[in-house]
Amino acid sequence: MLFVTKLASVIAVAAVVAPLALSTAPLNAAGGDAVIKARIDLMRKDVLSNWKPIKAYAKSGKGTPADVSRHAKALGSAAKKIPALFPKGTGRGDYPDKVTRALPEIWKDWKGFEKATQGLVDQSAKLAKIADGGDKDAIVKQIGMTGKIGCGGCHKPFRGAKVKK
Ligand code: HEC
């Protein structure tokens, strides 16, 4: 129930900020704080929560190819929600480094950021397809690609170093 409520609030925030993502107007402070929280929630609850069992399969053979396929599909759906949660004016520079790790490069190179998003969408789709085939070696290889291109392809250029809170 708690999960459902939280999910509903993330969707509500996403719905509110989505049109703003297309405009150049910076958000007011309260809106900015909410959207930063919503995207970190998305990363933890929808992205990382599906990535963890996928990685566990590659690392220690935990779970089945069907599990990998299911989580890969969920990962792809979560990825599609990323850009709407990054309206202009909500990165480092506008907010303290301890509040957000989003680098200004995101808005300097918005096309690149969208491309990085698409990278995770594409790699996840590929992973789901390969997992459906059931070949363990191929699955493990594609999990590596998904981490490298899907997560790393965005974190490297667009996410700054962690700082102490
Ligand atoms: C298109 C860009 C993009 C993709 C793709 C992406 N991330 Fe992120 N991620 C970010 C940014 C930017 C932040 C920092 C957000 C903030 O602090 O406001 C972040 C934050 C996070 C966080 C929150 C905690 C922290 O330390 O910042 C986790 C966990 C995370 N990402 C995991 C993942 C995993 C796992 C993948 C791949 C399966 C992934 N991300 C793919 C851009 C991305």
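Each ligand, and each atom within it, is numbered from 1 in the order the structure gives. Only this structure's heavy atoms are used, side chains among them; waters, hydrogens and symmetry mates stay out.
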Enquirer: So is Thr117 polar-close to ligand 1, meaning N/O to N/O under 3.5 Å?
Expert: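 Min N/O separation from ligand 1 is not below 3.5 Å for Thr117.
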Enquirer: Give the residue, atom name and distance (to 0.1 Å) of the protein heavy atom nearest atom 29 (C) of ligand 1.
Expert: Leu48 CD2, 3.8 Å
Enquirer: Please could you name the atoms of ligand 1 that Arg44 approaches to less than 4.0 Å, counting only its heavy atoms?
Expert: 24 (C)
Enquirer: Consider every N or O of Lys162 and every N or O of ligand 1, then say whether any pair is closer than 3.5 Å.
Expert: no
Enquirer: Suppose I only count heavy atoms of Ile40 and a 4.0 Å limit; which atoms of ligand 1 are within that range?
Expert: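 Once the distances to Ile40 are compared, the set is 16 (C), 17 (O).
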Enquirer: What closest approach, in Å, do Pro83 and Phe113 show between heavy atoms, and which atom pair accounts for it?
Expert: CA-CE2, 4.2 Å
Enquirer: So, Asp132 and Lys129, do they make that salt bridge, N to O below 4.0 Å?
Expert: no
Enquirer: Considering only protein heavy atoms, which is closest to atom 5 (C) of ligand 1, and at what distance to one decimal place?
Expert: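 The closest one turns out to be Gly150 O, 3.1 Å.
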Enquirer: Let me see the working for Val140 and Lys136 under side-chain contact (heavy atoms from CB on, under 4.5 Å), right down to the final yes or no.
Expert: CA-CA 6 Å; Val140 170; Lys136 184 165 183 195; 4.1 Å; yes
Enquirer: Using heavy atoms and a threshold below 4.0 Å, how should the contact between Thr90 and ligand 1 be classified: side chain, backbone, both, or neither?
Expert: neither
Enquirer: Nearest heavy-atom pair of Tyr57 and Ile139: which atoms, and what distance?
Expert: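 Where Tyr57 meets Ile139 most closely, the heavy atoms are CE2-CG2, 3.7 Å.
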Enquirer: Could you tell me the angle subtended at atom 8 (Fe) of ligand 1 by SD of Met43 and NE2 of His155, rounded to 10°?
Expert: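 SD of Met43, atom 8 (Fe) of ligand 1 and NE2 of His155 span an angle of about 170°.
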Enquirer: Is it the case that ligand 1 has an N or O less than 3.5 angstrom from some N or O of Arg101?
Expert: yes
Enquirer: Backbone, side chain, both or neither: what part of Thr100 comes under 4.0 angstrom of ligand 1, heavy atoms only?
Expert: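 Looking at Thr100 and ligand 1, atoms from backbone and side chain both fall under 4.0 Å.
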Enquirer: On a heavy-atom basis, which atom in Ser124 and which in Ala72 lie closest, and how many Å separate them?
Expert: CB-O, 3.4 Å
Enquirer: What protein heavy atom sits nearest atom 35 (C) of ligand 1, and how far away is it?
Expert: Trp51 CD1, 3.4 Å
Enquirer: Anything under 30° is parallel, anything over 60° is perpendicular, the rest tilted; go ahead and classify Trp107 against Phe86.
Expert: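 Aromatic pair Trp107/Phe86 classed tilted.
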Enquirer: To which protein heavy atom is atom 38 (C) of ligand 1 closest, and what is the distance rounded to 0.1 Å?
Expert: Cys151 SG, 2.6 Å
Enquirer: Kindly identify the option in Cys154, Ala161, Gly112 whose heavy atom sits closest to atom 4 (C) of ligand 1.
Expert: Cys154
Enquirer: Any donor-acceptor pair under 3.5 Å linking the side chain of Arg92 with the backbone of Asp97?
Expert: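 Yes.
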Enquirer: Determine whether a donor-acceptor pair (N or O, by modelled atom type, separation under 3.5 Å) exists between the side chain of Ser69 and the backbone of Pro65.
Expert: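 Checked: no pair found.
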Enquirer: What residue and atom, counting heavy atoms only, is the protein's closest point to atom 15 (C) of ligand 1, and at what distance?
Expert: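 In this structure, atom 15 (C) of ligand 1 has Arg39 NE, 4.0 Å as its nearest protein heavy atom.
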Enquirer: Identify whether Met43 and Ile54 are in the same connected component of the hydrophobic contact network (ILVMFWY, side-chain heavy atoms under 4.5 Å).
Expert: yes
Enquirer: For atom 19 (C) of ligand 1, what is the closest protein heavy atom, and at what distance to 0.1 Å?
Expert: Arg159 CD, 3.6 Å
Enquirer: Going through the distances and angles, do Ile130 and Asp135 end up as a side-chain contact (heavy atoms from CB on, under 4.5 Å)?
Expert: CA-CA 7 Å; Ile130 291 173; Asp135 175 346; 5.7 Å; no
